[in-house]
Undergrad: 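Below you will find the structure I want to go over with you.
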Amino acid sequence: MSGSSVGAVGSGDRQAEPPGSTDDVSSPTLRRKRLARQLRQLREERRLNAEDVAAEAKRRSGKPRGWSLSKLIRMEKANWKRLNLDDLAVLLDIYEITDTQERLDLITLAREGNQRGWWASFGDALGTGQFVGLESEASRIRTYQCMTIPGLLQTPEYARAMISTRGMVDETELNLRVQARMFRKSIFNTAPIPTLWAIIDEAALARIPPDLHGQLEYLIEASLQPNIGIQVLPLSYGLHAAMTGQMVLLEFPAPDPPVVYIEVLSEELYLEKPQQVTHYQHLYDHVQAAALPVDQSRDYIRGLLNP
């Protein structure tokens, strides 16, 4: 999609200084999660419980107030923004990691995880940045949306209208949020280009007013891209497996496992346990089977433009 208008940022929305180029759309989020997973694995392989490790770390570090069980738990859940490399070294000593290359690899992960994510340039316009951090490095993104158009497929005009419905947002903040949402599409201008598969409920399309029909034209254009698939789930299908809400399935190159993202009102849930991911993969397969094929979905959207 490099060079396509589908991935372009709306020129009228530039209010803040974005990252220097699309090459900057990389994420420390996945590095943090990878390091956290490896630290937890190292502890479990040595059959050590978290309480004992935290106590030993406190003893070895010489900083009685610098270590606690909650700190170790945060490290193992990637719930940190900047990891102290001395703290990491203490853990590696406890786990008896003496191989120079193995230690260097883990320290490198920590340093990369400590980097500032590109979304920080947009303040809190993208929330905590955890979701877009994962989205930035996904090789395949599968999403089902029941009431709105997926963010990666929104036009600036549609995004502006959607954000405006959420309440008191001044013009400067509105422009920033629209710009941030459009910048997310930069993932389509980097190699390797991720695959996006979107299932959009007919209800989301029916809510698009005539003055925003440019959004429908955009979906048709996007659906012609080789790395994008769009299916419409018709209301006539009736009850279906995902009626309770939306979901995003994110897959990454090895060795990182997939993640399921669910947004419930203001709460963000990230599901990573294999049984949870498998459940939502099966759920998505059921919804995809119920949706119109890609060609028929494209014709359906064209029909909305020319009723």
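The shown structure was predicted, so the numbers you read here are calculated from the model rather than taken from an experiment.
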Undergrad: Side chains of Y300 and E202: does their closest heavy-atom pair fall under 4.5 Å?
TA: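 Yes, their side chains come closer than 4.5 Å.
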
Undergrad: Measure the shortest side-chain to side-chain distance between W119 and T128 over non-hydrogen atoms and say whether it is less than 4.5 angstrom.
TA: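 SC-SC contact between W119 and T128 ruled out.
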
Undergrad: With no hydrogens and no angle check, do the side chains of Q276 and E272 hold a donor and an acceptor under 3.5 Å apart?
TA: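 No, no side-chain donor-acceptor pair sits under 3.5 Å.
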
Undergrad: Out of curiosity, does L224 fall in the hydrophobic cluster containing V294 (side-chain heavy atoms, cut-off under 4.5 Å, transitive links)?
TA: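 No.
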
Undergrad: Tell me, do R37 and D256 make a side-chain contact under 4.5 Å, heavy atoms counted?
TA: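 Yes. Closest side-chain heavy atoms under 4.5 Å.
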
Undergrad: Taking all non-hydrogen atoms of both residues, which atom of N49 and which atom of D52 are closest, and how far apart?
TA: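 Reported closest heavy-atom pair: OD1-N, 2.7 Å.
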
Undergrad: Hey, what do you get for CD (Q225) to CD1 (I230), rounding to the nearest 0.5 Å?
TA: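 Output value for this atom pair is 10.0 Å.
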
Undergrad: Verify the cluster assignment for L269 and M247: are they in a single hydrophobic cluster under the rule of side-chain heavy atoms below 4.5 Å apart?
TA: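 Both belong to a single hydrophobic cluster.
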
Undergrad: Under 3.5 Å, is there a donor on one side chain and an acceptor on the other for D285 and Q281?
TA: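 No donor-acceptor contact under 3.5 Å links the two side chains.
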
Undergrad: Does any non-hydrogen side-chain atom of L216 lie less than 4.5 Å from one of H213?
TA: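 Yes - at least one pair of side-chain heavy atoms lies under 4.5 Å apart.
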
Undergrad: Taking only distance into account, with no hydrogens and no angle test, what donor-acceptor pairs under 3.5 Å do side-chain atoms of residues 77-84 form with protein atoms, sequence neighbours excluded?
TA:
from	atom 1	to	atom 2	distance (Å)
R82	NH1	N114	O	3.0
N84	OD1	D86	N	2.7
N84	OD1	D87	N	3.3

Undergrad: I'd like to know whether I149 forms a side-chain contact (heavy atoms from CB on, under 4.5 Å) with I208, so could you lay out the CA-CA distance, the side-chain angles of the two residues, the decisive distance to 0.1 Å, and finally the verdict.
TA: CA-CA 9 Å; I149 304 303; I208 298 177; 4.1 Å; yes

Undergrad: For residues 89-96, which side-chain N or O atoms pair as donor and acceptor with protein atoms under 3.5 Å away, sequence neighbours left out?
TA:
from	atom 1	to	atom 2	distance (Å)
D93	OD1	R103	NH1	3.0
D93	OD1	R103	NH2	3.3

Undergrad: Just to verify, what does R111 make a salt bridge (Lys or Arg N to Asp or Glu O under 4.0 Å) with, not counting sequence neighbours?
TA: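 Applying salt bridge (Lys or Arg N to Asp or Glu O under 4.0 Å) to R111 gives none.
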
Undergrad: Taking atom CD of E112 and atom CZ of R31, what is their separation to the nearest 0.5 Å?
TA: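 These two atoms lie 5.0 Å from each other.
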
Undergrad: Quick check for you: to the nearest 0.5 Å, what is the distance between L126 atom CG and E135 atom CD?
TA: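 Going from CG on L126 over to CD on E135, the span is 9.0 Å.
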
Undergrad: Could you see if L212 belongs to whatever hydrophobic cluster contains M147? Use Ile, Leu, Val, Met, Phe, Trp, Tyr and a side-chain cutoff under 4.5 Å.
TA: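 Shared cluster, no.
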
Undergrad: Using atom types as modelled and distance alone, determine if a side-chain donor or acceptor of R142 lies under 3.5 Å from a backbone N or O of L249.
TA: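 No, the answer is negative, given that no donor and acceptor are paired below the 3.5 Å cut-off.
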
Undergrad: Do V232 and D201 touch side chain to side chain, with heavy atoms closer than 4.5 Å?
TA: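 Not in contact.
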
Undergrad: Suppose the criterion is ring-ring contact (aromatic ring centres under 6.0 Å, His included): which pairs have a residue in residues 268-291, not counting sequence neighbours?
TA: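 Non-adjacent pairs meeting ring-ring contact (aromatic ring centres under 6.0 Å, His included): Y261-Y270.
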
Undergrad: Report the distance from atom CZ of R181 to atom CG of L176, rounding to the nearest 0.5 Å.
TA: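 That separation rounds to 12.0 Å.
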
Undergrad: Do L271 and I262 make a side-chain contact, defined as non-hydrogen atoms from C-beta onward lying under 4.5 Å apart?
TA: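 Of all side-chain heavy-atom pairs linking I262 with L271, at least one is under 4.5 Å.
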
Undergrad: Atom CD of E56 and atom OG of S61: how far apart are they, to the nearest 0.5 Å?
TA: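 Reported value, rounded in 0.5 Å steps: 10.0 Å.
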
Undergrad: Could you tell me whether E251 and R140 have a side-chain N and a carboxylate O separated by less than 4.0 Å?
TA: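 Yes, this pair counts.
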
Undergrad: Taking V259 as the starting point, is it possible to reach L196 by hopping between hydrophobic residues whose side chains are less than 4.5 Å apart?
TA: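 Looking at the clustering, V259 is in the same group as L196.
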
Undergrad: If you look at every heavy atom in T29 and G129, which pair is closest and at what distance?
TA: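 Looking at all heavy atoms of both residues, the shortest contact is OG1-O, 4.2 Å.
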
Undergrad: May I ask you to list the residues sharing a hydrophobic cluster with L69, side-chain cutoff 4.5 Å, ordered by chain and number?
TA: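 Besides L69, the cluster holds I73.
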
Undergrad: By the definition side chain to side chain contact (heavy atoms under 4.5 Å, CB included), identify the one residue from C146, S297, P150 that meets it with I200.
TA: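 Only one of C146, S297, P150 forms a side chain to side chain contact (heavy atoms under 4.5 Å, CB included) with I200, namely P150.
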
Undergrad: Is it true that E171 and R160 have a side-chain N and a carboxylate O under 4.0 angstrom from each other?
TA: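 Looking at R160 together with E171, the answer is yes, because their closest N to O distance falls below 4.0 Å.
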
Undergrad: Roughly how far, to the nearest 0.5 Å, is the CD atom of Q215 from the OH atom of Y218?
TA: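 Y218 atom OH to Q215 atom CD measures 8.0 Å (nearest 0.5 Å).
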
Undergrad: With a 4.5 Å heavy-atom cut-off, do P253 and S139 have their side chains touching?
TA: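 P253 vs S139: side chains touch.
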
Undergrad: Which heavy atom of F252 sits nearest a heavy atom of P257, and at what distance?
TA: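 Of all heavy-atom pairs spanning F252 and P257, the closest is CD1-O, 3.3 Å.
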
Undergrad: Considering only heavy atoms from C-beta outward, does the side chain of V132 approach that of R184 to under 4.5 Å?
TA: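 Result yes, sub-4.5 Å side-chain heavy-atom pair found.
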
Undergrad: For the residue pair P258 and V277, what are the closest heavy atoms and their distance?
TA: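 The pair with the smallest heavy-atom distance is CG-CG1, 3.7 Å.
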
Undergrad: Does I163 form a side-chain contact (heavy atoms from CB on, under 4.5 Å) with V178? I'd like the steps, not just the answer.
TA: CA-CA 8 Å; I163 295 169; V178 172; 4.0 Å; yes

Undergrad: Other residues, nucleotides and ligands only: do more than 12 of their heavy atoms fall within 6.0 Å of CZ on R302?
TA: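 Correct, the count exceeds 12.
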
Undergrad: Who are the salt bridge (Lys or Arg N to Asp or Glu O under 4.0 Å) partners of R46, not counting sequence neighbours?
TA: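 Not a single residue meets the salt bridge (Lys or Arg N to Asp or Glu O under 4.0 Å) criterion with R46.
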
Undergrad: Do you know the tightest heavy-atom contact between L250 and A138?
TA: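 Smallest heavy-atom distance, with atoms named: CD2-CB, 4.1 Å.
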
Undergrad: Tell me whether the centres of the aromatic rings in F183 and W118 are closer together than 6.0 Å.
TA: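 Ring centres of W118 and F183 closer than 6.0 Å.
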
Undergrad: Of all the heavy-atom pairs spanning P234 and A290, show the shortest one and how long it is.
TA: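 Shortest heavy-atom separation between P234 and A290 comes out as CD-O, 4.1 Å.
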
Undergrad: Test of understanding: clusters of I, L, V, M, F, W, Y form through side-chain heavy atoms closer than 4.5 Å, transitively. Do L30 and L88 belong to the same one?
TA: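 No, L30 does not connect to L88 through the hydrophobic network.
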
Undergrad: With no hydrogens and no angle check, is any side-chain donor or acceptor of K71 less than 3.5 Å from a backbone partner on A54?
TA: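 No; zero donor-acceptor contacts below 3.5 Å.
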
Undergrad: Return yes if a side-chain donor-acceptor contact under 3.5 Å exists between Q288 and Y144, otherwise no.
TA: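 The criterion, which ignores hydrogens and geometry beyond distance, is not satisfied for Y144 and Q288.
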
Undergrad: One pair to check against side-chain contact (heavy atoms from CB on, under 4.5 Å): L109 and Q38. What are the steps and the verdict?
TA: CA-CA 10 Å; L109 275 180; Q38 293 187 22; 3.9 Å; yes

Undergrad: Determine, stepwise, if the pair E45 / L42 fulfils side-chain contact (heavy atoms from CB on, under 4.5 Å).
TA: CA-CA 5 Å; E45 286 175 347; L42 287 172; 4.2 Å; yes

Undergrad: Say whether R298 and S223, considering side chains only, have a donor N or O and an acceptor N or O under 3.5 Å apart.
TA: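 There is such a pair (donor and acceptor under 3.5 Å, judged by atom type) between the side chains of R298 and S223.
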
